Structure formats: C-alpha cells, structure tokens
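Because the structure is a prediction, the values reported are computed rather than measured.
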Amino acid sequence: MKKNIILTTLIALSSFASASLMDDAKKAGFASIPTDKTELMKLIDNPKNPVTDKKVELGKALFFEPRLSKSNLISCNTCHNLATGGVDGVSAAMGHKWTANPHHLNSPTVYNAVFMEKQFWDGRSPDLEDQAQGPMQAAPEMAISKEMAVKRISSMPAYAAQFEGAFGDNNITFKKIADAIGAFERTLVTPSKFDKFLAGDEKALSADEQEGLKTFIDKGCAACHTGVGIGGGMQKFPLVKPYKYADVGDFKGDKDGMVKTPTLRNIVQTAPYFHNGAVWSLEEAVKIMGETQLGMELNDKETKSIVIFLKALDGEMPTITYPKLPAVTADTPKPEAN
C-alpha cells in the first residue's frame, strides 16, 4: 500500500512538473503547429497569393523543374532537397557552372520556412513568393532571366492547363511561376512531438527531453529561437563575443548587422550550421551560440541536455510524390551550360 502511495505521488509530481514546463514554454513564446487544417491554413496562407490545391500541385512541379535554370540542371530542390531536410548538405550553396555562393552562404531549409518572418539570411524578402524569384535569376545559382524562364515554361502546353487551373488563366508570367512555388513551399510544415507536448500531451517528451527544454529556456536560448518556427526573426549576430568562424565568407548581415535566426525544427537534418556552414557538429554549434549570443560557456552536461531537446524537434515530413514533368517541345529554348 505504501509503495502504491509513493508511486502515485511521484506520478502526480511528474505530471505537475510537465504542466509547469508547458506553461513556461508558452510564456517563453513557443507555439505549436496546429493539427486542425483550418487553423493551420490561417498560419500558412497568403491573402495576396491564396493557397489552393491546384496552385500547390503546380508549384510542386515548378519546385522540381530543372528547366527553370539556364543549364537545365538545377531546380529549387537542388539546394533545398526535400529528401535531406530541405537543404543541400554542403557548407556553401553550389549553383550554375558549379559556382559556390560568392559570400559562402549556406542554404537554409525550406521546411517550415513559412513560419519565418523574413526570407534570406539578411531578411531582404518579406515572404516565400518574393524569395522564390531571387535564386532563379541569381548568376551563381540558377542563372536564368525572367524572360527565358517564361519562354521555357510557356513552350510546354501541359503547363498552360495547370496555370489555367491555378490562376484562372493561362497567361504565364515570372511572378506567377514564383507565386506557385511559394504556395507549394507554404505547405512544407513538419509537426513534431514537441508540438504535441505544447498542445497538452505531457508524455510526448521524455524526461530527458523535458530537462533539455528546461535548460534551453533557463539559459536564454528561447529569447531568439521561439514562436511556431522556433526561430525566424532578425537578431544581431554575433551579439556578445566574436563568432570564431567569421572569416569563412564575407557575410555581415543586413546594414545593421542583423541576421535571420534559423529555425531549429529538424536541426539534426540540416548540418552544416550557421550562415556560412562552418560548423558540422550540433554540440559545437550549441556551445558557440552560448558564447556569441548569451555570453556564457555551456558545460558538456548543459550542451548535451539542450541537444537532446533539439533532437525532439525532428518532425513528420509531408509525403511528396516526385512529379512527372512535361516534355519539351521544338519551341523550348535549349539549355546553356556557360
């Protein structure tokens, strides 16, 4: 009888601690990805470019469309590979003619990018639709002009029908191409067991994962990595101490030295880390953040605890069926490798 009372008491105390931690997490600004489709749509939709099934299907095709690059070899999926965490797994993005990003910038994940307040490392784009226009035109990336992109897509009759269904007419423009890609990217959200915990499931996180969350909050990490995206705002970087790999590339942030805070969702899948992809170890990345942003040296136990929590942010990836793309025609502009 006494053992049962002790066990019941321990369970009650554990439940109380979990509930208290949930409250602390919400007070720190964390928010879950809604399970209800209507509520989720409120978060991910763009009134200026409403998300519809037909637009998403078209956007998916265009996301995987290599003919939106000058060489016919590079698609959005090249740098934001949906099979590998939405990234390319290299320190600096590689583009046209195997050109590395001239500023040695790392490709951020496209998963959960809809929750970011701004796009690109310097936050220069307000949304995914605007962001999608940049890489296609950038010389070190896909290197195609607006005009050539429209000519390529317009030359394939099957696309005309898809644009008709998605936008109400078959007038293909560069903006519509980017808008369709943006609509598709808005659906790339990955709910995790942390979302279930925030929604009230006390058992969704293990004791160690909950301890890691507590450490994450207590050390101040949630000051920047918060919200639904667990990141996404603009922050000064470095803030307190110099970044030890600052000499890799020449990126300094926006005009005020502000850098977009990356999402921590699926962080175990998105190495290497930081804007210049200079760090491959998640443990090292956590320690560097403690030094540069919080002004403290996290010990091995604290670092391990935080990493255990970060691993709990690995989410459920949406099922993506690789699209069958339209065949080229005699009118399709030929690839240019130079």
If you measure from [atom1] on [X] to [atom2] on [Y], what distance do you get to the nearest 0.5 Å?
X: Gln162; Y: Phe167; atom1: CD; atom2: CZ; answer: 11.0 Å
X: Asp24; Y: Leu213; atom1: CG; atom2: CG; answer: 8.5 Å
X: Gln137; Y: Ile144; atom1: CD; atom2: CD1; answer: 10.0 Å
X: Lys260; Y: Met234; atom1: NZ; atom2: CE; answer: 9.0 Å
X: Met296; Y: Lys219; atom1: CE; atom2: NZ; answer: 5.5 Å
X: Lys97; Y: Glu336; atom1: NZ; atom2: CD; answer: 11.0 Å

Taking all non-hydrogen atoms of both residues into account, name the closest pair between [X] and [Y] and its distance.
X: Leu205; Y: Ala312; answer: CD2-CB, 3.9 Å
X: Cys76; Y: Ile181; answer: SG-CD1, 4.1 Å
X: Gln269; Y: Val87; answer: O-CG2, 3.9 Å
X: Arg186; Y: Asp45; answer: NH1-O, 3.8 Å
X: Thr332; Y: Ser155; answer: OG1-OG, 2.6 Å
X: Glu141; Y: Ile74; answer: O-CD1, 3.5 Å

Close side-chain approach of [X] to [Y], heavy-atom, < 4.5 Å:
X: Tyr273; Y: Ile288; value: no
X: Glu291; Y: Leu298; value: no
X: Met142; Y: Pro66; value: no
X: Leu43; Y: Pro34; value: yes
X: Phe30; Y: Phe197; value: no
X: Phe237; Y: His275; value: yes
X: Val279; Y: Tyr243; value: yes
X: Ile320; Y: Phe184; value: yes

With a 3.5 Å distance limit and no angle check, can you tell me whether [X] reaches the backbone of [Y] through a side-chain donor-acceptor pair?
X: Asp36; Y: Glu39; value: yes
X: Lys60; Y: Pro323; value: no
X: Thr99; Y: Gly95; value: no
X: Trp121; Y: Phe274; value: no
X: Asn77; Y: Phe63; value: no
X: His225; Y: Gly232; value: no
X: Glu284; Y: Trp280; value: no
X: Asp179; Y: Asn49; value: no
X: Asn106; Y: Ser91; value: yes
X: Lys55; Y: Pro50; value: yes

Kindly check if the number of other-residue, nucleotide or ligand heavy atoms within 6.0 Å of [atom1] ([X]) is above 12?
X: Lys118; atom1: NZ; answer: no
X: Asp218; atom1: CG; answer: yes
X: Lys203; atom1: NZ; answer: no

Under 4.0 Å between a side-chain nitrogen and a carboxylate oxygen: does that hold for [X] and [Y]?
X: Lys311; Y: Glu209; answer: no
X: Asp122; Y: Lys252; answer: no
X: Asp208; Y: Lys304; answer: no
X: Lys214; Y: Glu211; answer: no

- Worked verdict on Asn46 versus Val51 for side-chain contact (heavy atoms from CB on, under 4.5 Å): CA-CA 7 Å; Asn46 181 356; Val51 174; 5.8 Å; no
Is [Y] reachable from [X] through a run of I, L, V, M, F, W or Y residues, each pair having side-chain heavy atoms under 4.5 Å apart?
X: Met317; Y: Leu188; result: yes
X: Phe115; Y: Phe120; result: no
X: Val307; Y: Leu313; result: yes
X: Leu82; Y: Leu58; result: yes
X: Tyr322; Y: Leu68; result: yes

- Task: Start with the C-alpha distance between Gln210 and Ser18, add both sets of side-chain angles, then the distance that settles side-chain contact (heavy atoms from CB on, under 4.5 Å), and finish with yes or no.
- Result: CA-CA 8 Å; Gln210 290 187 38; Ser18 296; 2.9 Å; yes
- Task: Could you check Met22 against Glu202 for side-chain contact (heavy atoms from CB on, under 4.5 Å), going step by step and ending with a plain yes or no?
- Result: CA-CA 8 Å; Met22 283 181 202; Glu202 299 171 359; 3.3 Å; yes
- Which of Glu65, Arg67, Arg152 passes side-chain hydrogen bond (donor to acceptor under 3.5 Å, both in side chains) with Asn72? It is Arg152
- Query: Testing Asp88, Asn81, Thr78 for side-chain hydrogen bond (donor to acceptor under 3.5 Å, both in side chains) with Ser107, which one passes?
  - Reply: Asp88
- Message: Could you walk me through whether Thr109 and Arg265 satisfy the side-chain contact (heavy atoms from CB on, under 4.5 Å) test, starting with their C-alpha distance in whole Å, then the side-chain angles of each, then the deciding distance to 0.1 Å, before giving a yes or no?
- Response: CA-CA 9 Å; Thr109 179; Arg265 290 183 179 274; over 6 Å; no
- Message: Applying the side chain to side chain contact (heavy atoms under 4.5 Å, CB included) criterion to Phe194, which one of Leu264, Leu310, Ile230, Asp314 satisfies it?
- Response: Ile230
- Judged by modelled atom types alone, do Asn266 and Thr190 share a side-chain donor-acceptor pair under 3.5 Å? yes
- Query: Quick one: do the Thr303 and Asp300 side chains pair a donor with an acceptor below 3.5 Å?
  - Reply: no
- In sequence, state the C-alpha distance, the side-chain angles, and the governing distance for Lys176 and Asp169, and then conclude on salt bridge (Lys or Arg N to Asp or Glu O under 4.0 Å). CA-CA 11 Å; Lys176 286 180 182 177; Asp169 61 66; 2.5 Å; yes
- Given the rule in the ring-ring contact (aromatic ring centres under 6.0 Å, His included) test, do Tyr245 and His104 qualify, once you have shown the distances and angles that lead to the verdict? CA-CA 12 Å; Tyr245 300 114; His104 207 278; over 10 Å; no
